[in-house]
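Input: a single structure, listed below in structure tokens.
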Amino acid sequence: MASHFLHPVLSCRDSLALEERLLIGEEASWEAMNRAGTALGLALLKAYSMTGFPQNGLRLLGLIGKGHNGGDALLAFGEMARLPGRVEEATLLIPTSRGDLKPHTLRAFKMLEGLCKLRIVERPNEGRLQDVLSDSYDIALDGLLGMQFRPPLRNGVRRVIDAVNASDTIRFRAAVDLPSGVGDESDETPFQADVTFATGIFKEPLLTSSAVGMARYLDIGFFDTSESVGSQTVVVTDSILDRLRDPRPAASEKRQFGHLAILAGSRSMPGALAMSVRAALQSGVGLVTVFAPESIVSQLACQLPEAMWRTWPETPEGGLALEGLWQIKAMAGKASALLLGPGMGSEAETLALMGDVGKVWDAPAVLDADALRPEVVRAFRDSGNTDIVVSPHDGEFMRLSGCSNSSDTEVSAYAKAQGVVVVKKGPNTRITDGSTLCVNSSGNAVLARGGSGDVLAGLIAGLLAQGTCPTMECACRAVYWHGKAADLLAVDRGQVAVRTTDLLGYLGRALRTKG
């Protein structure tokens, strides 16, 4: 799936080769370093603002190598220091000495000297390291080693990384491009980051190393040219939201924007249904019809009057009963997509109903939560449906696929074998049709809450119902949008004292905020 909003994920070796082709001459290299440093400084402040700590008067610790990652870190500190009141002091740990810094890195060092109070520590021994780390720091930024790293970590760099990893005086740890010690081949104990910022190119080791923390992609224009790079793994960028930012035609009518049917919920789990419906209503879809247990319809209809509510007969336990299947048969051909599963539970009759729905539904469908079962997917596939999205987390994927893990390889193989699009939820959520693996570059631990998957399912289904783009693209757009709303929420209010439904209030802002 080639598109301007998908950038390739490359090995360190291929990334280095691409940079050598793109950055011809010292000035081009310096300009790229400045773009990376500026983006890095702003992104680091944004990531740190997701914590609950004060955001001004920051004490910074920079781990500065002699190469370009060290230069990126220095320029990032400079960008932060230019903001009034943000930086109190920066301590720079240089395992070698200033005289060993490469020309661009030295140039960045000299630019930083006049911007904030600096403490420079060169060639630190064990005692000096302990002295430095006896102080407290708000942010430590690792710019020691780049993508050319080959294990093992050596000498002074090893000493610095071990000391910083062991320190309990650092609140937040970030890495430039890759944590030092991570590459195509990695050291056993690399720098341990809370967040890693991939500058210019998203590198493959970010997908596999546990040292990365949150992986963030900083687009600095490497793929704005006609440079063609073939890759089956890609990262989703903010440009995927541009379609939603475009003005809608003046002569619009609601049916132009699709009709989503939702079959979900139970007497004991009305909240999952409500969150899915709320998200679908904010996806831009023209019409939403909800089939829900008769005992909860009147209450939810008052809360969400924009949807059309239809009562569904219940089992004695409050699940959706088989006798209501005729309603889905009647809706087939009217609605442009179906969302099935959130909050439905696992009663035998309800599970049987989900399979029977698959036999009669021939339009696009999103299967989530309780619908993520092999027999349900099989029923949809056997009826000839080729536009199916399944959205499992790790445990649901293993139940769905029978695999013992949810690795990228297993997820892609399942998607290809079943002919479905898989949205495998988790850090840097993966979206795949079995041919292309898309890596999401938004989202944070705010989403580690009950209900966030229900919100995502509503967004995916609402976009799919509008029929404006292929199924895989709809899924990628929904996942990125969902994650970006979570990022904005965390920046505003932190990651702790928030609710899942607070995400919905940030969907509009996510469209109006670029990058």
Side-chain angles (χ1 to χ4, degrees), residues 49-52 241 244 260-285 287-293 295-309 339-345 366 368-372 389 391-393 396 423 425-427 429 440 442-465 475 477-513:
S49 68
M50 294 183 188
T51 72
L241 297 181
L244 301 176
L260 174 64
I262 298 178
L263 178 60
S266 59
R267 190 192 307 152
S268 60
M269 290 186 286
L273 168 61
M275 286 185 282
S276 294
V277 173
R278 288 185 65 182
L281 290 169
Q282 289 186 235
S283 71
V285 69
L287 293 166
V288 177
T289 296
V290 186
F291 299 96
S295 63
I296 63 174
V297 164
S298 59
Q299 178 185 357
L300 293 180
C302 291
Q303 295 174 12
L304 298 163
E306 300 92 339
M308 296 176 285
W309 292 84
L339 170 59
L340 178 71
M344 288 180 73
V366 177
D368 183 56
D370 298 309
L372 293 171
V389 179
S391 52
H393 54 57
E396 289 169 334
V423 174
K425 295 176 288 195
T429 289
N440 186 43
S442 66
N444 65 86
V446 156
L447 298 175
R449 279 176 167 77
S452 66
D454 302 312
V455 171
L456 176 60
L459 284 179
I460 298 172
L463 292 178
L464 190 61
R477 182 168 290 116
V479 169
Y480 184 90
W481 192 11
H482 181 250
K484 185 172 181 182
D487 288 341
L488 292 170
L489 170 59
V491 167
D492 266 9
R493 296 169 54 186
Q495 296 178 308
V496 176
V498 296
R499 299 168 58 189
T500 299
T501 49
D502 292 336
L503 284 170
L504 297 162
Y506 286 82
L507 291 171
R509 213 163 104 191
L511 299 182
R512 293 177 178 272
T513 307

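All values derive from a computational prediction rather than experimental measurement.
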### Task
Determine whether I460 and L456 make a side-chain contact, defined as any pair of heavy atoms from C-beta on separated by less than 4.5 Å.
yes

### Task
First locate atom CG of L244, then atom CZ of R477, and finally report the distance between them rounded to the nearest 0.5 Å.
5.5 Å

### Query
Are any non-hydrogen side-chain atoms of T289 and W309 less than 4.5 angstrom apart?
no

### Query
Below 4.5 Å, heavy atoms only, C-beta onward: do L507 and L504 meet side chain to side chain?
yes

### Task
Step by step, work out the side-chain contact (heavy atoms from CB on, under 4.5 Å) result for S276 and L339.
CA-CA 9 Å; S276 294; L339 170 59; 3.9 Å; yes

### Message
Counting C-beta onward and ignoring hydrogens, is there a side-chain heavy-atom pair between R278 and T501 closer than 4.5 Å?
### Response
yes

### Message
Could you check whether any side-chain heavy atom of P342 comes within less than 4.5 Å of a side-chain heavy atom of D370, counting everything from C-beta outward?
### Response
no

### Query
Does any N or O in the side chain of S442 come within less than 3.5 Å of the main-chain N or O of Y480, such that one atom is a donor and the other an acceptor?
yes

### Task
State the OG1-CG distance between T429 and L447, to the nearest 0.5 angstrom.
7.5 Å

#### Entry: Check: R499 main-chain N/O paired with D502 side-chain donor or acceptor under 3.5 Å
yes

### Summary
What one should report as the nearest heavy-atom pair of A274 and L304 is O-CD1, 3.8 Å

### Message
Measuring from atom OG of S298 to atom CD of Q303, what distance do you get when rounded to the nearest 0.5 angstrom?
### Response
10.0 Å

### Test item: E396 side-chain N/O and H393 main-chain N/O as donor-acceptor pair under 3.5 Å
yes

### Task
For residues S452 and H482, determine if any side-chain heavy atom of one lies less than 4.5 Å from a side-chain heavy atom of the other.
yes

## Note on the structure
For A445 and R449, the nearest pair of non-hydrogen atoms, with its separation, is O-NH1, 4.0 Å

### Query
For the residue pair V446 and A486, what are the closest heavy atoms and their distance?
CG1-CB, 4.2 Å

#### Entry: Distance in Å, L459 CG paired with D454 CG, rounded so as to fall on 0.5 Å steps
11.5 Å

### Query
What heavy-atom pair brings A457 and V366 nearest, and what distance separates the two atoms?
O-CG1, 4.4 Å

### Task
Would you mind checking if K425 and D368 are paired as a salt bridge, meaning a charged N to carboxylate O distance below 4.0 Å?
yes

### Query
Considering all heavy atoms of both residues, which atom of A369 and which atom of G341 are nearest to each other, and what is their separation?
CB-O, 3.9 Å

### Message
Taking G343's backbone N and O only, do any of them form a donor-acceptor pair with S266's side chain (distance below 3.5 Å, no angle check)?
### Response
yes

### Task
Spell out, as yes or no, whether a donor-acceptor pair under 3.5 Å connects the side chain of T500 to the backbone of G451.
no

### Query
Taking C-beta and beyond as the side chain, do L260 and V290 meet within less than 4.5 Å on heavy atoms?
no

#### Entry: From CG (L273) to CD1 (I296), nearest 0.5 Å
5.5 Å

### Query
Side-chain donor-acceptor pair under 3.5 Å between D487 and Y506, yes or no?
no

### Query
Looking at side-chain heavy atoms only, is the closest gap between V288 and E306 below 4.5 Å?
no

### Task
State, to 0.1 Å, how close V423 and A475 come at their nearest heavy-atom pair, and which atoms those are.
CG2-CB, 3.9 Å

### Query
Roughly how far, to the nearest 0.5 Å, is CZ of R512 from CG of L488?
13.0 Å

